[in-house]
Every structure is written in C-alpha cells, then in structure tokens.
Engineer: 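Please read through the structure below; I'll follow up with questions.
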Amino acid sequence: MIKVILLFFYSATAFANFNFYKDLSLKPVDIETLKETLTKEIFSHDGWPEELVYDERKYAVKYTFNDELSKYIKKQLRYYRSDYASVVVIDNNNGHILSAVDYTRGTKSFGKNLTFSSTNPAASVFKVITAADLVENAEMSSDSVFTYRGKSTTLYKYQLKDKKTKWTRQVPFGRAFASSNNVVFAKAAMKNSNLNRLSKMANKFGFNKDILQFINSGNSTLYQEQSDYALAELASGFNRETMMSPVHGATIASIVANDGLFKKPTLIAEIEELEYNREIWKPKFEIERILRKSSAQSIQKMMKRTVTRGTARSAFRPWKIKRIKDIEIGGKTGTITGGLPHGKRDWFVSYAVPQEEQDKGISVCVMIVNVKKWYVKSTVLAKKIIEHYYTSIKE
C-alpha cells in the first residue's frame, strides 16, 4: 500500500503541468526540412524573419546578432558608401555571429546575400591556408628564407625558377606573408607541398563544405586546375576561381585566433514552436582541432606582423589604436579584380583578442568591392569596428 501511494505522489508531482491531450499529440519535426524552409525564407528577402510557418505551425526564430554592433556597422557603411561592402563579426568564444551586414551604394540599401555568397575571389586571404599547410606539414617557420625576382605582387612563370641574378632578393617567410608576396608563396608550395595536400588543408578550413550550423549558405570553392603553375596560383591566391564568402573569411580568422580549433559558427540562437512553447533547436558547441596549437601560434605571429609592419600597417599605427593598445590584433589583406558583383575586391580578415587568457575575442571580416573608385579601405573599417566593440560594447 505504501509503495502505491508513493508512486501516485511522484506521478502527480512529475506531471502536474503536463497536458496529456495536447502534449502527447505533438508531431515530430523534420529538422532537415525545417532547415531548408528557414534557409529559403532568410535569403528570399533582405530582412531577418522572426517567425516561420512550417507544416501548419508557427516557430519563433532568435538570432545571435548584437543589435548595437550592427547599428554601428550600418552607420559606417552608410557614411563611406562603397559600391558594395560586407562585414561579418564572430565571437571566437562560441562561434556566434554577432553581425552580418552588406551594403549596396546604387540602391542605398542593406542586405545579406553578398555576405553569405561564395562569389568572391579569395585573393591573398588564401595565403592563410597555404601558411597553415606549410607550417603544419612541412615544419616551416616564419624565419624560413626564400628568394624571388621581380615584383612580389605578380606571378610570372620565370619568377618561379631558382635562377640567381643581381636582382634576386631574399625574404623570410613571415615577412613574405605580411607583405603578401605571391612569388614566395608560390615557390614555397611548389617545393614543400602539392595540390592534394593543400586542398585537404583548405577543406579543414571550411572550403567545399557548409560551414554554418542549421543554415545552408553555400560552399566556398577551390581552383581546380591540375598543373605546377596552378599550384602556384592556388597557394598564392593569384587566381579568380578560388571563391569564398565574407562569413567564411571571418571563420578562417576565428580558427587562427582559437589556436587551431574550428568552432562551427551559427547565426541562429534558438528556434521555438510558439503554440506549445517548446524548444525545437539550439546551436551545439561543434568543435574540431584542425591545426596544432604551435602551428596556429606561428600563423598568429605572421598575422600580427601584417598589422604592425605589413600591408595593414597604415590603419593600425600605434597612435591610431591608443584606445585598444591592449588588444592583440592580427589579420590578412587581399585584393583582386573579379567576382560577382564585378569589381576590385579589398579583403581584410582579422581577429582581435584581449590579453585575458580566457577570452578569445572576436574575428572581423571586411570585404569591399570597388567598381570605379575607392571610398574606404577594408583595414580602416575593420579598425573602427574593433575599436567600437571594445570601447563601447564589450565594456
């Protein structure tokens, strides 16, 4: 008798708020179909839908965005009015996308399709992947010395030969990264890697696969030509066929900032079925080590040199970053003409990490497409965003 009473008491307590008629009639949700439905709804217009109707039921969609940060970014994009521009900010600690905004000068409008579209030549941003392969698999360091002839921004076949002349110069690999030397990266890959191995490293960094949780945004793609010169073009980023999205650019920087850990990004914070107040989906903490910590730290050293002494130095002069002097910043620039929409792309993928050991900071990707003239450099805009985040939002 005592056992029966206890069982009844437990059952009444456990199911006190349980509606048998309503809750036991819940239909299972096909998550894959829900993903497709939400993806289509998100990219069918410029806004971010907060409600979704699927299978005759309503769902609330919550995002990871920081509204204050996005408001500031929009203000800057509206001020500079580039032909096309895209900005992505990722929280390196959890993979949450804090902002994803693009701007079109012709229509004076904000959107998101360019931000998630893989129609943009990666240019020298791909040097991050090449450096990762060479450091991880060929035990190369920033002090490894290479020789080159001609301009560092070109890539002619004669430059790939080891012929010594009075115009031959030597340069350490780390400096070649910071100055975005195409010839050195091409020669380094031809001597110490191959197309198969470089492609594998690119796949680890998110090429040829969907990098986002829940949303299908399309894949970044690699240059597929099979030849020695094609390897040189791929490794240096000197081609128009290696395509990526700005959200992928921020992800690449986040991997380096996280010491070689790939934390899969998400822009969806939660999906809830409104009628029954039940949680349908929340992001998982998907994490994968793709580089040794020592290899990632070697690339961090090169990316920091890009900011202090390389192609991004003009925007990050010490007197220009007094307010964030305690923030460690690293980045990689890239410029190339092509893509869709057509124009000269100006890339800057970067990370900004406080000196606190537990905080991995943020990663920022700025991509600007200039058609006829330049309005602002990607490095300048990224510096402003990093400064605003740490002085106005993070505080």
Side-chain angles (χ1 to χ4, degrees), residues 121-205 207 222-242 244 252 256 291-292 294-306 309-312 330-338 347 349:
S124 288
V125 174
F126 195 83
K127 286 185 173 73
V128 176
I129 284 80
T130 305
D133 173 52
L134 295 174
V135 170
E136 179 86 348
N137 300 312
E139 298 183 354
M140 193 172 295
S141 72
S142 59
D143 298 324
S144 301
V145 177
F146 290 87
T147 61
Y148 74 99
R149 292 182 292 154
K151 290 184 178 180
S152 63
T153 54
T154 57
L155 190 65
Y156 296 107
K157 291 184 178 180
Y158 86 85
Q159 292 179 287
L160 302 178
K161 298 178 181 179
D162 278 333
K163 183 179 179 181
K164 289 186 178 182
T165 68
K166 63 180 181 180
W167 294 285
T168 299
R169 285 161 286 177
Q170 287 188 335
V171 60
F173 188 64
R175 191 194 302 173
F177 182 97
S179 62
S180 209
N181 190 310
N182 290 332
V183 184
V184 167
F185 266 74
K187 292 177 70 174
M190 292 176 68
K191 290 181 178 181
N192 301 281
S193 187
N194 54 60
L195 281 169
N196 182 54
R197 207 179 74 193
L198 195 54
S199 296
K200 285 183 178 179
M201 182 57 71
N203 291 338
K204 288 183 178 182
F205 269 86
F207 280 86
L222 290 176
Y223 183 36
Q224 296 296 324
E225 188 70 29
Q226 300 288 321
S227 68
D228 288 341
Y229 187 65
L231 173 60
E233 290 179 303
L234 175 63
S236 62
F238 197 77
N239 69 86
R240 295 184 178 87
E241 281 74 41
T242 299
M244 60 182 279
I252 290 171
V256 177
L291 287 178
R292 295 191 302 268
S294 59
S295 299
Q297 289 175 338
S298 180
I299 299 168
Q300 289 171 12
K301 183 179 178 181
M302 299 181 203
M303 292 181 74
K304 284 185 283 186
R305 181 165 183 157
T306 300
R309 300 175 65 183
T311 53
K332 184 71 192 78
T333 60
T335 56
I336 196 168
T337 300
W347 287 96
V349 302

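Treat the numbers as computed from the prediction; the structure is a model and nothing was measured.
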Engineer: Is the backbone N or O of Q300 less than 3.5 Å from a side-chain atom of R305, with the two atoms forming a donor-acceptor pair by type?
Structural biologist: no
Engineer: When you measure from the side chain of N239 to the backbone N and O of T242, does any donor-acceptor pair fall under 3.5 Å?
Structural biologist: yes
Engineer: Sub-3.5 Å donor-acceptor pair from the side chain of Q224 to the main-chain atoms of L222, do we have one?
Structural biologist: yes
Engineer: Is the shortest side-chain heavy-atom distance between K164 and R149 below 4.5 Å?
Structural biologist: no
Engineer: Working note: L291 + F205, criterion side-chain contact (heavy atoms from CB on, under 4.5 Å); need CA distance, chi angles, decisive distance, verdict.
Structural biologist: CA-CA 10 Å; L291 287 178; F205 269 86; 3.8 Å; yes
Engineer: Could you tell me if the side chain of F146 sits less than 4.5 Å from the side chain of Q170, heavy atoms only?
Structural biologist: no
Engineer: Rounded at 0.5 Å granularity, tell me how far CZ in R309 sits from NZ in K304.
Structural biologist: 14.0 Å
Engineer: Do D162 and K191 touch side chain to side chain, with heavy atoms closer than 4.5 Å?
Structural biologist: yes
Engineer: Hey, are the side chains of V184 and K187 touching, using non-hydrogen atoms and a 4.5 Å cut-off?
Structural biologist: no
Engineer: Verify, without hydrogens or angle tests, whether S124 (side chain) and G334 (backbone) share a donor-acceptor contact under 3.5 angstrom.
Structural biologist: no
Engineer: When you compare the side chain of M244 with that of I252, does any pair of heavy atoms fall below 4.5 Å?
Structural biologist: yes
Engineer: Check whether the ring centres of F185 and F173 lie less than 6.0 Å apart, and answer yes or no.
Structural biologist: yes
Engineer: Could you walk me through whether E233 and E225 pass side-chain contact (heavy atoms from CB on, under 4.5 Å), step by step?
Structural biologist: CA-CA 9 Å; E233 290 179 303; E225 188 70 29; 5.6 Å; no
Engineer: Should V125 and T333 be marked as a side-chain contact (heavy atoms from CB on, under 4.5 Å) after you check the CA-CA gap, both sets of side-chain angles, and the distance that decides it?
Structural biologist: CA-CA 6 Å; V125 174; T333 60; over 6 Å; no
Engineer: With ring centroids as reference points, do F126 and F207 lie under 6.0 angstrom apart?
Structural biologist: yes
Engineer: If you measure from the Lys or Arg side-chain nitrogens to the Asp or Glu carboxylate oxygens, is any gap between D133 and K204 under 4.0 Å?
Structural biologist: no
Engineer: Would a distance-only check, ignoring hydrogens and angles, find a side-chain to backbone donor-acceptor pair under 3.5 Å from S298 to S294?
Structural biologist: no
Engineer: Under 3.5 Å, side chain of W347 to main-chain N/O of K332, donor-acceptor pair present?
Structural biologist: no
Engineer: Would you confirm whether S144, through its side chain, and M140, through its main-chain N or O, come within 3.5 Å as a donor-acceptor pair?
Structural biologist: no
Engineer: Set out, in order, the CA-CA distance, both residues' side-chain angles and the distance that settles side-chain contact (heavy atoms from CB on, under 4.5 Å) for S193 and L134, then state yes or no.
Structural biologist: CA-CA 7 Å; S193 187; L134 295 174; 4.1 Å; yes
Engineer: Report the C-alpha separation of D143 and R175 in whole Å, then their side-chain angles, then the decisive distance to 0.1 Å, and conclude whether the salt bridge (charged side-chain N to carboxylate O under 4.0 Å, His left out) test is met.
Structural biologist: CA-CA 8 Å; D143 298 324; R175 191 194 302 173; over 6 Å; no
Engineer: Which value, rounded to the nearest 0.5 Å, describes the distance between T154 atom OG1 and F238 atom CZ?
Structural biologist: 6.5 Å
Engineer: Under 3.5 Å, side chain of Q159 to main-chain N/O of K151, donor-acceptor pair present?
Structural biologist: yes
Engineer: Can any side-chain N or O of R240 pair as donor or acceptor with the backbone N or O of T337 at less than 3.5 Å?
Structural biologist: yes
Engineer: Are K127 and N182 linked by a side-chain donor-acceptor pair shorter than 3.5 Å?
Structural biologist: yes
Engineer: Write down the atom of G331, the atom of T306, and the distance for their closest heavy-atom approach.
Structural biologist: O-CB, 3.3 Å
Engineer: Within a strict 4.5 Å, meaning less than it, do heavy atoms of the T168 and Y148 side chains meet?
Structural biologist: no
